[in-house]
Colleague: 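Here it is, the structure in full.
Basis for what follows: all heavy atoms, side chains included, without hydrogens, waters or symmetry-related copies. Sequence lines set the chain letters: A, B, ... in the order given, protein chains first and strands last, and positions in each chain run from 1.
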There are 2 protein chains.
Amino acid sequence: MPRSSPGCSPEMFFADKRRAEMAVRQEGYEHRGIHGSPTTPIGTSVEKTTVSSDSSASSPTPPTGTRPPRPTMLDVARAAGVSLKTVSRVVNGEPGVTAETAQRVADVIGRLGFRRNDSARLLRQGVSTGSIAFILEDVADPFYATLARAVLDVARSHEYLVLAGCSDENPVFEKELAQAFCARRVDGLVIVPAPGGDHRYLVAEMRMGTAVVFADRPATGIDADTILVDNSGGVRAAVQHLLGQGHRRLAYLGDDLRVFTSQERLAGYREALAQAGLPVDERLVFTARPEPEFVRQALTEALAGPEPATALLTGNSRVTILALHQLRARNEQPALVGFDDFESAELLDVTVVAQDPAAIGRAAATLLFDRLAGDSRPIQTVRLPTRLVVRGSSTRRP
Amino acid sequence: MPRSSPGCSPEMFFADKRRAEMAVRQEGYEHRGIHGSPTTPIGTSVEKTTVSSDSSASSPTPPTGTRPPRPTMLDVARAAGVSLKTVSRVVNGEPGVTAETAQRVADVIGRLGFRRNDSARLLRQGVSTGSIAFILEDVADPFYATLARAVLDVARSHEYLVLAGCSDENPVFEKELAQAFCARRVDGLVIVPAPGGDHRYLVAEMRMGTAVVFADRPATGIDADTILVDNSGGVRAAVQHLLGQGHRRLAYLGDDLRVFTSQERLAGYREALAQAGLPVDERLVFTARPEPEFVRQALTEALAGPEPATALLTGNSRVTILALHQLRARNEQPALVGFDDFESAELLDVTVVAQDPAAIGRAAATLLFDRLAGDSRPIQTVRLPTRLVVRGSSTRRP
DNA sequence: ATGAAAGCGCTAACAC
DNA sequence: GTGTTAGCGCTTTCAT
């Protein structure tokens, strides 16, 4: 459990009114200045880092320093010569205030730069914090970035704010984040579970009204609303397509089987072959974390021997791209279908089983808000379809 | 330094006291069901959407419904037969509690599933909300996704939570988000400004202590800390590289000039040509929003006529990819350098001026936390370098 | 070692 | 129309 104290030094603010001269130079945290940050050019450096202090301009005040405390409604009330409640009425557009009183209050609000503290308001109201959170592996990953974007859009349409967190595939981080979010009393959570986790710790939160929807992978140890992709169906379609092109030796290069989606996709491969009455040659099945060396090795084995694979199925876009690199280096061109679309798949003319990450995020967030609105149907598990996008890489004859 | 751990034990019992039935059924929200959501397959549908209600499992309780209210410290105190303050001490690891009292309280905490409300705590403490926010165009864009990821990482190292928002290049959205975040009293804001905005509305917030750092583009109307990329330098390097390859007719295809970075990049193009003593042929300069039709038209003009361009400079990765598509369709191969790296640039063998979005996010967030820690240097403007990554697309002879 | 009371900034429920 | 009082869930101050 992370410490609770916020990241500012204890001596930052002396009590109440007085503001201390904060000659703060924290030693507690790593203090990476701009110059020390890893922003220096690597490789063919073209330019140099420049820091200019243009304090010549219109705002001579340093960014921090002596901060006037934020005015509260009470401050506004006093300055306007009215009661706190009158200010509250004006701020919230409630009736029961004369136009001129309202105007006077509004003036003071503008002059003081008052802005209502929503945290305090929501605490008082108690019903909702108007915020949800999502936790996923890595927002920098295009797939999750798109999923996240969809969650943000749905939240915006409900006028909710969104907290974000990356688990880095680490169930411990995931749990810490989820608990931190719950401590902030988010109304709901969209979680892409890290592999190997156990979500029973969420039962208490859920029972107390925190809505939780899992996305892309199912929860472990609890029953919860879940949005999944039809992984096996997607791979089955890919296999059938390749079989239809006349291929009979299909290699499968997938991600580590500890990942849920990876299991489903491999299962789809086996199912489709079985369905076609074909045996699975285990020498053509490769799964591991998608490192270059793994892909290199797998391709070497798959494309060698007396009965080499004529077609390749890659289990995610990372593997697909690594495979494309390898194939170019080897100057080989087996038929290829990749699971999961990627930015340049069209340009590279690669056939893919496209998922729709935005649809996952949208479905998850929508279900979440349905639950928050009182939807009490039984727990839902939604399977989203994939779409086979046929391009040149799979239509080469064996 | 309080060590918070309200310790949520997995074992959950009912809060045996009152289980208020607040059968909430708010009608206030729009109630879009899963089926109504736009998740139905488009195009070559391969599978169908499936919704299964597996209520057969261990948790027959519907997700929402009768929620026992969250226990407060007072609830814990009563159940443990101690005072509120004693619970507070236990929860925060403060001294002054007997081991056995502490144990008793801890037991009750576990039994009731108590979790401290951090929003309330932070409101009371008043110093910080332990949260920052970022606003950028679109988290789904790989560039911003990476930038966002870096912000999240820095925030995590300070044990801060992060709110996220997308402006969609709309200054009105940006302002609404910024104000909503300020109303929640975030400690700081990282903003990638939407073009055409005016940030003077932030002056009041900044004066009251909200730290703000702008990233990738400068603020308008105010002085503020800003992290920028050396756009013109990057393009200059690209131009020099192409000149070095013997090219003399370089076309420039850039984004809309209302975008700050677009102006800088075009300026770099002009500067580098001037520096080389070459005139700028305005018929080879094209800027507009990166739509396929714009790129098609621009290429038609650039590559036609008696003196066609032999080399192409694209102002961002969107344009680069569109141009690559067009060039393939036309079966033409002018030399090409793209500004901004993209996922498959290596695979496509495209020379790029690489930015480092993670460095931008890191620098912005680091500066933000420096400010929060009391750093009162004058306003900073940081220029991050780019890196010319030379690949095959630019080494073809004219 | 423990607890009572006040109050963070706001809204809800009543006064007047 | 306007103001007063209480209290959200917690921490702080000061008592005992």
Colleague: Looking at the side chain of A:V82, which of C:dG9, D:dG3, C:dT11 is the nearest nucleotide?
Modeller: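 It is D:dG3.
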Colleague: Minimum heavy-atom separation for A:G96 to A:R89, with atom names?
Modeller: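 Nearest heavy atoms, A:G96 then A:R89: O-CD, 4.2 Å.
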Colleague: Tell me which of B:G81 and A:R116 sits closer to the 5' end of DNA chain C, going by the nucleotide each one is nearest to.
Modeller: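 The 5'-side residue here is B:G81.
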Colleague: If I compare all heavy atoms of A:H199 with all of A:P193, which pair ends up nearest, and what's the gap?
Modeller: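 Nearest pair, atom of A:H199 first, then A:P193: CE1-CB, 3.5 Å.
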Colleague: From C-beta outward on B:T86, which listed nucleotide comes closest to its side chain: D:dG3, D:dG1, C:dT2?
Modeller: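 For B:T86, the side-chain atoms sit closest to C:dT2.
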Colleague: Across the strands shown, which category fits B:L84 at heavy-atom distances under 4.0 angstrom: base, sugar-phosphate, nothing?
Modeller: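 Here B:L84 touches the bases of the nucleic acid.
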Colleague: Could you say whether A:N117 or B:R124 is positioned toward the 5' end of DNA chain C, judged by the nucleotide with the nearest heavy atom to each?
Modeller: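 Nearest nucleotide further toward 5': that of B:R124.
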Colleague: What nucleic acid atoms does B:R89 come within less than 4.0 Å of, heavy atoms only: base, sugar-phosphate, or nothing?
Modeller: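 It contacts base atoms.
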Colleague: A:Q125 side chain N/O closer than 4.0 Å to the phosphate oxygens (OP1, OP2) of C:dA12?
Modeller: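 Indeed, a polar side-chain atom of A:Q125 lies that close.
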Colleague: Hey, does B:T101 reach any base, or is it just sugar-phosphate, or nothing, if we go heavy atoms under 4.0 Å?
Modeller: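 Result for B:T101 = sugar-phosphate.
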Colleague: When you look at B:E94 and B:K85, which way does the salt bridge (charged side-chain N to carboxylate O under 4.0 Å, His left out) test go after all the steps?
Modeller: CA-CA 10 Å; B:E94 288 169 27; B:K85 177 65 210 182; 3.6 Å; yes
Colleague: For C:dG3, take OP1 and OP2 only and decide whether either is under 4.0 Å from a side-chain N or O of B:S83.
Modeller: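 Affirmative; the distance criterion is met.
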